[in-house]
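Per chain, numbering begins at 1; letters A, B, ... match sequence-line order. The model shown is predicted, which means the values in this text are computed figures rather than measured ones.
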Number of protein chains: 2
Amino acid sequence: MDRSVRKTPPGQFRSNLRVISSDHCTHHSACENCSVRHVAMCNALNEEEVNLLNEISNDFNRDTKQILCAEGDPAEHLYNIRAGTVRLSKMLPDGRRQITGFLFPGDFFGLACKDIYSYTAEAVTPVETCRFPRKKITEKFRELPNLGERVFDMTTTELQSAHDQMLLLGRKTAREKLCSFLLYMAEKTAALGGHPENHAYLPMSRSDVADYLGLTVETVSRQFTKLAQSGLIRLEGAHHVILLDREAIHDLAEGE
Amino acid sequence: MDRSVRKTPPGQFRSNLRVISSDHCTHHSACENCSVRHVAMCNALNEEEVNLLNEISNDFNRDTKQILCAEGDPAEHLYNIRAGTVRLSKMLPDGRRQITGFLFPGDFFGLACKDIYSYTAEAVTPVETCRFPRKKITEKFRELPNLGERVFDMTTTELQSAHDQMLLLGRKTAREKLCSFLLYMAEKTAALGGHPENHAYLPMSRSDVADYLGLTVETVSRQFTKLAQSGLIRLEGAHHVILLDREAIHDLAEGE
DNA sequence: CGCTTATTTGAGAGAAGTCAAGTACGGTGG
DNA sequence: CCACCGTACTTGACTTCTCTCAAATAAGCG
């Protein structure tokens, strides 16, 4: 039973602390009022308020496979992802890993903890973030209640996603898990733009997907193959998936 | 593969929206400043503020097996549990159920959603709650920033517990899951008082425990039996467990 | 006390895991 | 630009943990 530590992380359904709500500002580039730096919170703030945030933030970039913050470290910063993909994970003493979420541009992390981080954040691709000292940003919540409310909403959304992921982990079969994941990633891919319709771009490794879905690499790989053989998806390399029958994939994801 | 709907819910690790922080006021009865009604938020508020809350809240009690709110219902209230045990659950179309949390006196629910509840809340035991119209309570957050911050902290703690539960669901074995659950329930039992040391009181059915841990009733029952045979626990009826070797149980829970 | 529901136990089946190879991809250097 | 190397991914054969189906026992309720 030596499920040793896997080097390449996972795939995760829930969108941790996603900032861009669906109601407006889906594409940052199209949102005149958004600071490029703070794509996550722009909707709730005016220009002056954004400048206030700029004062206490600084850039923080990492390359693929590098660690942004580690489980057990003092939780000093709140991170806002501007570019790239991040994975959050937790480990058991023997190295078994669970990826609790993948994060994309606009997402946040670093709040759901008290004094020390309860998870590790690593760069799946090269990542650009800006980060705020937690102490200072929480002070700002008092001055800028809009900001505080926005962050609260994000946390609440995140919690809901976490519950969905629990249902997936506890009750879905391997096939259902992978179908759910593909739909999730297709949504993400569409939201971030730059890919054709019904395309899912998977920046993470199979091992990351496995650790996100509570499966092994081999099982994930086999399920990919089966879905392709059934004609539901087409694989264009390991990281690009075309969803050929979204309807059917959706039904499989819910076990219907 | 007909995992039909189970009638009695589950067991859950994470303490959803637990209100009573460990730093103070562990026993409501011992906390002079606490309103009995609002045991959850008392720590952050003075008497006048508690009265403000009383104005917009009303009692809401249910018997065992009754539903407090259902997945899909319009999310109109925020609930604060005063007595009893509640389970939160989500279901797949074919009836497979995942319990995302058990709630105890002092816990909250009803926030982690936008317009409609994303889970069902049911009474595991007779339950007394008081509930607030969400609309009104969120207004109060502006007037009483202490209250808002407290609720935010609770949500954040809840999210962290959700991540722990994902690790359990995705990566732990049946034995590890049950050991983790027993430790969790022992903590709860101690915090709520009225039971001897190293005692875990489990108000929920085996089927609830199973749906909380992502297992079947049979597997849960077998693991209970095995732990008892190993001399790690003693079962006094199905709902009372004595932890005979907490140390060992803890190690098993983490797979060490 | 009898009936219903919950829990335990047993035997067998199956989905996912483990171990082991083979294949393909991506990056580097000649 | 292409060959080589290491890593990632896929595939195969076999094992095992948990689930399923079935029945017996125990507990709770009227």
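Per the geometry, CZ belonging to Arg222(B) stands 11 Å off P belonging to dA11(C), to the nearest Å. Between the NZ atom of Lys65(A) and the C1' atom of dG27(C) there is a distance of 12 Å, given to the nearest Å. In this entry the distance linking CD of Glu218(A) with P of dT16(D) reads 16 Å, nearest Å. Whole-Å rounding puts the Arg171(A) CZ to dT20(D) C1' distance at 13 Å. Atom CD of Glu236(A) and atom P of dC25(C) are 12 Å apart (whole Å). Spacing between atom CD of Gln229(B) and atom P of dT8(C) amounts to 12 Å, rounded to whole angstrom units. As rounded to whole Å, 22 Å separates atom P of dA16(C) from atom NZ of Lys172(B). Across the protein-nucleic acid pair, Leu202(A) atom CG and dC25(C) atom P stand 16 Å apart, rounded to whole Å.
Applying the salt bridge (Lys or Arg N to Asp or Glu O under 4.0 Å) test to pairs two or more places apart or on separate chains, those with a residue in residues 225-234 of chain A are Arg234(A)-Glu236(A).
Residues meeting the side chain to side chain contact (heavy atoms under 4.5 Å, CB included) test with Arg131(A), sequence neighbours left out: Asn58(A), Phe60(A), His77(A), Tyr79(A). Contacts of Thr219(A) classified as side-chain hydrogen bond (donor to acceptor under 3.5 Å, both in side chains), with partners at least two apart in sequence or in another chain: Thr216(A). With sequence neighbours left out, Asn61(A) forms a side-chain hydrogen bond (donor to acceptor under 3.5 Å, both in side chains) with no residue at all.
Looking at the side chain of Thr216(B), the nearest of the listed nucleotides dC9(D), dT8(C), dT20(D) is dT20(D). Of the candidate nucleotides dT18(D), dT8(C), dC9(D), dC9(D) has the atom nearest to the side chain of Arg206(A). For Ser221(A), the side-chain atoms get nearest to dT10(D) when compared with the rest of dA16(C), dT10(D), dT8(C).
For the OP1/OP2 pair of dT11(D) and a distance below 4.0 Å, the side-chain nitrogens and oxygens of Thr225(A) include at least one atom meeting the criterion. For Lys226(B) and dT8(C), the shortest distance from a side-chain N or O to OP1 or OP2 is not below 4.0 Å. Contact check, Thr219(A) against dA16(C): no side-chain N or O comes under 4.0 Å of OP1 or OP2. For dT7(C), one of the phosphate oxygens OP1 or OP2 lies less than 4.0 angstrom from a side-chain nitrogen or oxygen of His239(B).
For the helix from dC1(C)-dG30(D) to dG30(C)-dC1(D), the end axes, each set by the C1' atoms of five terminal pairs, are bent relative to each other by 50° (nearest 10°).
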Enumerate, atom names and distances included, each donor-acceptor pair closer than 3.5 Å involving a side-chain atom of residues 242-256 of chain B, sequence neighbours excluded.
residue	atom	partner	partner atom	Å
Asp245(B)	OD1	Glu247(B)	N	3.4
Asp245(B)	OD1	Ala248(B)	N	3.1
Arg246(B)	NH1	Asn198(B)	OD1	2.8

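With values rounded to the nearest 0.5 angstrom, Leu68(B) atom CG is found 4.5 Å from Phe109(B) atom CZ.
By the 4.0 Å N-to-carboxylate-O rule, Asp211(A) lies too far from Arg96(A) to be salt-bridged with it.
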